[in-house]
Amino acid sequence: MITHTAMEFIKKKLCEGERLDDRKLKEYREIVIERGVGENAEGSARVKIGQTEVIAGIKMQVGEPFKDTPNEGILITSAEFMPFSSSEVEPGPPTVDEIELGRVIDRGIREGKVIDLEKLCIVEGEKVWTIFVDIYLVNDDGNMYDASSLAVMNALMDVKIPKLDENYEIIEGEFNGKLPIRHKVVSLTAYKVGNVIFYDPNAKEEEVVDARLTAGIRDDGKIVSLQKGMEGSFKYDEIIPTLRELKERGLEFIGKYVQ
Amino acid sequence: MITHTAMEFIKKKLCEGERLDDRKLKEYREIVIERGVGENAEGSARVKIGQTEVIAGIKMQVGEPFKDTPNEGILITSAEFMPFSSSEVEPGPPTVDEIELGRVIDRGIREGKVIDLEKLCIVEGEKVWTIFVDIYLVNDDGNMYDASSLAVMNALMDVKIPKLDENYEIIEGEFNGKLPIRHKVVSLTAYKVGNVIFYDPNAKEEEVVDARLTAGIRDDGKIVSLQKGMEGSFKYDEIIPTLRELKERGLEFIGKYVQ
Amino acid sequence: MITHTAMEFIKKKLCEGERLDDRKLKEYREIVIERGVGENAEGSARVKIGQTEVIAGIKMQVGEPFKDTPNEGILITSAEFMPFSSSEVEPGPPTVDEIELGRVIDRGIREGKVIDLEKLCIVEGEKVWTIFVDIYLVNDDGNMYDASSLAVMNALMDVKIPKLDENYEIIEGEFNGKLPIRHKVVSLTAYKVGNVIFYDPNAKEEEVVDARLTAGIRDDGKIVSLQKGMEGSFKYDEIIPTLRELKERGLEFIGKYVQ
Amino acid sequence: MSRKFIRNDGRKPEELRRPYKIKLGVVPRANGSALVQSGKTIVMAAVYGPKKVIPKHLEDQEKAILRCRYNMITFSVKDRKKPGPDKRSAEISKLIENALSNVVMLEEYPRTAIDIYLEVIQADAGTRVAALTAASLALADAGIAMKDLIPSTAAGRVNGHIVLDLNKEEEDVEDAIDLPFAYIPSTKEVVLLQMDGIADIEEIEEIIEMAKKGCDKIYEMQIKAIKEKYGSYLEE
Amino acid sequence: MSRKFIRNDGRKPEELRRPYKIKLGVVPRANGSALVQSGKTIVMAAVYGPKKVIPKHLEDQEKAILRCRYNMITFSVKDRKKPGPDKRSAEISKLIENALSNVVMLEEYPRTAIDIYLEVIQADAGTRVAALTAASLALADAGIAMKDLIPSTAAGRVNGHIVLDLNKEEEDVEDAIDLPFAYIPSTKEVVLLQMDGIADIEEIEEIIEMAKKGCDKIYEMQIKAIKEKYGSYLEE
Amino acid sequence: MSRKFIRNDGRKPEELRRPYKIKLGVVPRANGSALVQSGKTIVMAAVYGPKKVIPKHLEDQEKAILRCRYNMITFSVKDRKKPGPDKRSAEISKLIENALSNVVMLEEYPRTAIDIYLEVIQADAGTRVAALTAASLALADAGIAMKDLIPSTAAGRVNGHIVLDLNKEEEDVEDAIDLPFAYIPSTKEVVLLQMDGIADIEEIEEIIEMAKKGCDKIYEMQIKAIKEKYGSYLEE
């Protein structure tokens, strides 16, 4: 939490196109990606954007399919803010902010048909792979949506599928190839304060943001999910230009950070 | 919530045999019954008594029987006060008032052997129908017990049993007759304030009530459940005369409102 | 809860080697053991140490084994402080104090290999006995750990295993022998206040205790579990002498109270 | 209906179960406590209070708040009861609380809470009536001002016979009626009344009468237990 | 894309479902309430407040706190919904709360709470947009000061056609796009925007335009409903 | 017992795992933080406080309240851990809290709370001792007044050999003994002591000695880490 005066100052600066750390409005902080950060996960990745740190891990289990999709694997995405990620977080059941983050990232992956879930069917109607995607916010210095999206996409690409024995039990230490990734998707976010649209706020800047617009961008340039978040609004005429920018940035990020 | 003075006034009036809306002590407000109010329910009904509104819906699912009744369907009744039904309700897990309402209505249906549960066995010991009876209090203007009972009985009579395919999955839009209703039961309630016994209080009158006595009355004149509710008491000698009145009223209501 | 002055007084007395009830520092109050106190449990026992009362009950159910131990029965131990056991207890989900008690007693039984769990396999990989050990603190006058341990060990020895029919359902009132008890274990506790180590505090003495050390002692003189509890500490050099004392006392108690 | 009918446990129709026992002071830490055993049903009750209300906003300026919690221990029943509250125990807790609020002189203890905890140690039918019987004794044992004690028992119909204080085997008979009942002897106020089963009003009349007589016997035992512990306590 | 395309329920692409109904005052106990029906989707909204904040530490000295709770009743959907909140309803509640906070003049009611409860009675797609439409009406019906009403609906793509206000059958079509949308007519501020499905930006542009036109129609109906009940209310 | 015994990962009996790493300041938002890695076990600790106590009634007029929360992330273990607290993590949280309360000078911070969050990032046995080791470092990093640091590790017996700092494979060996241990070097107070497995007292004596020596090594690393970051901090 910062003081009211500090907030007014940051807001004024942003509205004048200036930032605390002298970045340009549309400039990201340094992004560092590291895969394979969890020995016991099937796949994992750490993403740092400036001092914001997110880790994502993928666990795979053999489970039963849903009745209406008997030949498809199951994707379950959750997000948790580690209680030390900022002074505002308390341990406890998922808050609506954690739920929203998990659901927005999930929609990008799911709607963008990132994973060929049919290839994760083991025995039709009986056994399929369940993919647990777990996102942890380790240190919150703003823009956790973009960091989470990059972490999840990298963790998915890091996955080695466990080998199964004849009873469909996992054989420790043996693997059976990678996840059937059909598309890469990143969800990127535009932030609005006053009349200014900018990217990648740090924690202090995020406190003065009115609204955010997150779009899932697929490697073929399609938009696969949208979410206007936070209390404020975007003007009707701002939506499409913002999406064009997000798309361009998304394709750039896929090229740079999801290989 | 009403003021202490208002409560005293209402109580005094009732003890003198008079009511806020000029009804007689044993007179009900207008009762309106409507069936088929939920397209996605197997059966449903809305009951209004004055401004009190209750909706009840029945969902049927194929499930496993209890071990001790392998050839019987299962009945599960719950009641929820919609959080807008009055200013006293808060969203959250079921309160004891919701639990008591659900359990009292359930006992009337269950003990009165309203449904022939054996006819809801599909494969003995393996598959039976589970009947979920859900009661929602929409607007609380008093006497929710009677409204709920009428709503549930009407919803049960509205049920069309879904048809099953050879894998015991429900076939959308095809039906297989009505529920095997053996008896009609209504649970009606006598209210006591001071030395006066009366019926169908509105919300304001209900605030001054000392005790209620709810009886499940079956179409053959049998009493199938009893519940003395609220903090106060009935005199020992009042019980049987009150039951006689409730029975008479119950048979009248079955004739009028449960057809 | 007692006053600060009273606490200082009790502490001073203990540090001088004296106790409220004139016992010696290492002397227990009277211990009374009673088995078979729960008609509907497979085994049960009541233990009183002075005014501290604990009851333990064993329920057995047919369940599925864990995947990694397909031919072993399952042991589940829980402890609950009855809400009337002291003025500090509130009804609600298990507190950390209840959890710790349950887990410490469980470790003594489990690590001491008290029960031959392989003999509780019914059909390998499919059906095994699940043993629920439930500990209830009825009246808390101190030293609940020792009382709980004695109650559980006695309850286990009281068990009559239910007979099963051909469908692996329990036949009421018929039995199939006792639990396969390989060893007897009691968990006993040394308490420390200031520089004094003593045993079996009553509730008032327990309020001034700094730390406790509980050891599971097996009938062959082995130590099978340790737990330093409470905020304070034991000196490094006190540990082994204390364990020797606990072992001696444990073997004595097994002889006297677990037959 | 013949009074010669002998029940599964050898009782006459109008007899309470054997043993029917009352014990006071069974939980030394509590302000008051009691145990009631009826046949194989055993319930303990204990009282804490009057005490400070936490959180404070629940305080009532004019009287004590009465809070009652009925619970069955896991091994009190044949099929292990999962720990923690369920809908049945929530309803029973409320019904017992309602009944007791008719006799406890709450206005004597403004801005306080009185907590009554009821633990079913062994269940063989009739646990709620045993709990209520034990509860008013525990309150008396705690020295809480009361207008009267509340005796409680059930009556019903088993195989066509009207009987008192059904055990589980009787309760499970096809077409049985079970009617838990409690009243305040000094005022004839009925403070607990429920019923399961299919009955004519005439039968209910008979059953209630039977239940009332049972309560009168229990009331005597309650008074005796209090007298034995406190001497002239109730006679002042 | 041909405008001649006829939809599964006989609608034209740019048509709202039939019936599209608005009703005020459907929950007499509440301070304000409204029902919105779009085809088979039915949502009720009701408002309590401005009222005291409990617990007090949630109070805001400068404005009212707005709390929104979206819920589906168990039999609103084909597969019985388990009672109680889930992640989806938590998210939707928050999105609707966010949208409404743009129009409710919260600073008029410092140190109070305004609670908005939304109950989905019947679900056939589009429940969140119906809920938001009903919510602003319920607030108006409660006499809460607002800058404007919020109309809300979805638009999308079904079998290659851009359409308004999808029903469930349309939403379930392979490759469908669904875009829930709400904006404030007087300021053109977009306060709800989500999308599922795979779209080009050009398609999104068309879909948003369609959604906006739908909102304009709904806005007229909202105004009419308020006028019918309150006469000159909105014209001052 | 031969000291020549070589362990599954090539260590000597009295060796800590490799790498054994300590890093301070790993959570920039926190007031203090530390990471401890022992072989494949990785734990992060971070501290917030001293800070206001909410709710206020938990406040202690005379000292700070210390609250500790140990948690394993879902993918820290082979079988995905269900999110949220369980009995094991509740017990460990309490044990670590107990241990720390011996060194944190709580009376320096009356009416405040100090929160310590421990997250197991990767688990390969010995997570509680790594967590405790990290916790006292995070407290020091936060500038909280302390009497001493607490080093913690486990020792035990594997295939008849007394060894330090067991990994999971060792812990899972039939008849293994595992003894988590922590003490305050300056006072020789044992503040964490548990044991699983079947042992003679003589063996326990040997194991505790081994654990103590391991703690002494860790203590040196703790001091070094603090010195590297804060220079003369500990020497004043």
Side-chain angles (χ1 to χ4, degrees), chain C residues 1 36-46 48 50-53 55-61 63 76-94 98 102 130-142 155 158-159 162 169-170 172-173 202-204, chain D residues 25-35 37 39-49 51-52 54-55 67-85 89-90 93 113 115-125 127 134-135 138 141-142 167-169:
Chain C
M1 292 264 234
V37 300
E39 177 101 15
N40 290 326
E42 271 66 76
S44 59
R46 169 183 292 115
K48 290 193 188 183
Q51 287 201 328
T52 288
E53 177 175 347
I55 55 178
I58 318 291
K59 288 296 299 173
M60 292 182 71
Q61 285 177 6
I76 296 174
T77 308
S78 310
E80 187 177 322
F81 304 164
M82 285 187 171
F84 54 51
S85 60
S86 91
S87 57
E88 268 103 284
V89 179
E90 296 280 332
E98 288 167 301
T130 301
I131 306 177
F132 289 96
V133 178
D134 287 301
I135 302 165
Y136 286 94
L137 178 60
V138 178
N139 189 68
D140 181 8
D141 195 20
D158 184 50
V159 166
E169 304 279 347
I170 288 173
E172 283 283 316
N202 63 25
K204 278 175 190 155
Chain D
V26 291
V27 183
R29 281 291 293 260
N31 296 118
S33 59
L35 178 150
Q37 173 166 12
K40 292 179 183 170
T41 289
I42 302 173
V43 179
M44 290 175 84
V47 169
Y48 283 88
K51 64 186 205 188
K52 237 177 102 175
I54 297 172
R67 297 181 296 202
C68 193
R69 189 235 194 200
Y70 165 100
N71 181 56
M72 300 181 98
I73 70 173
T74 54
F75 53 87
S76 64
V77 280
K78 280 280 173 221
D79 289 325
R80 180 176 182 270
K81 159 97 178 53
K82 261 187 63 183
S89 62
S93 297
D115 283 328
I116 306 164
Y117 301 116
L118 303 160
E119 296 284 339
V120 177
I121 304 300
Q122 201 166 275
D124 186 58
T127 61
D141 189 43
N167 60 34
K168 182 142 188 10
E169 204 183 319

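First the proteins, then the strands, lettered A, B, ... as listed; each starts at 1. What you see is a predicted model, and the numbers here were worked out from it, not measured in a lab.
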Problem set entry | Contacting moiety of C:Glu42, where chain D heavy atoms sit under 4.5 Å | neither
Exercise. What part of D:Arg69 is in contact with chain C, defined as an atom under 4.5 angstrom from a non-hydrogen atom: side chain, backbone, both or neither?
Worked result: side chain
Exercise. Where do D:Gln122 and C:Val37 come nearest, in terms of heavy atoms and distance?
Worked result: OE1-O, 3.6 Å
Problem set entry | Note, C:Phe132 side chain near D:Phe75 side chain (heavy atom, < 4.5 Å) | no
Seminar exercise, completed: Distance col, row C:Asn40:CG vs D:Lys81:NZ, nearest 0.5 angstrom, shows 14.0 Å
Exercise. Is chain C contacted by the side chain of D:Thr74, its backbone, both, or neither, given a heavy-atom distance below 4.5 Å?
Worked result: both
Problem set entry | Under 4.5 Å from any heavy atom of chain D - which part of C:Glu39 | both
Exercise. Tell me, do C:Glu80 and D:Asn71 make a side-chain contact under 4.5 Å, heavy atoms counted?
Worked result: yes
Exercise. Are any non-hydrogen side-chain atoms of D:Ile121 and C:Met82 less than 4.5 angstrom apart?
Worked result: yes
Problem set entry | Residue C:Glu169 excluded, over 12 heavy atoms near CD under 6.0 Å | yes
Exercise. Rounded to the nearest 0.5 Å, how far apart are CD1 of C:Ile55 and CE of D:Met44?
Worked result: 7.5 Å
Exercise. Heavy-atom distance under 4.5 Å between the side chains of C:Glu88 and D:Arg29, does that happen here?
Worked result: yes
For this session: Just give me the residue among C:Val138, C:Asp140, C:Ile58 that pairs up with chain D most often, heavy atom to heavy atom, under 4.5 Å.
Result: C:Asp140
Exercise. Side chain, backbone, both or neither: which part of C:Ala155 has an atom under 4.5 Å from a heavy atom of chain D?
Worked result: neither
Exercise. Looking at C:Pro83, C:Gly57, C:Gly38, which has the largest count of heavy-atom pairs under 4.5 Å with chain D?
Worked result: C:Pro83
Exercise. To the nearest 0.5 Å, how far apart are CZ in C:Phe84 and CD1 in D:Ile116?
Worked result: 12.5 Å
Exercise. Checking heavy atoms, do the side chain of D:Lys78, its backbone, both or neither come under 4.5 Å from chain C?
Worked result: both
Problem set entry | Side-chain (C:Lys59) to main-chain (D:Ser76) donor-acceptor, under 3.5 angstrom | no
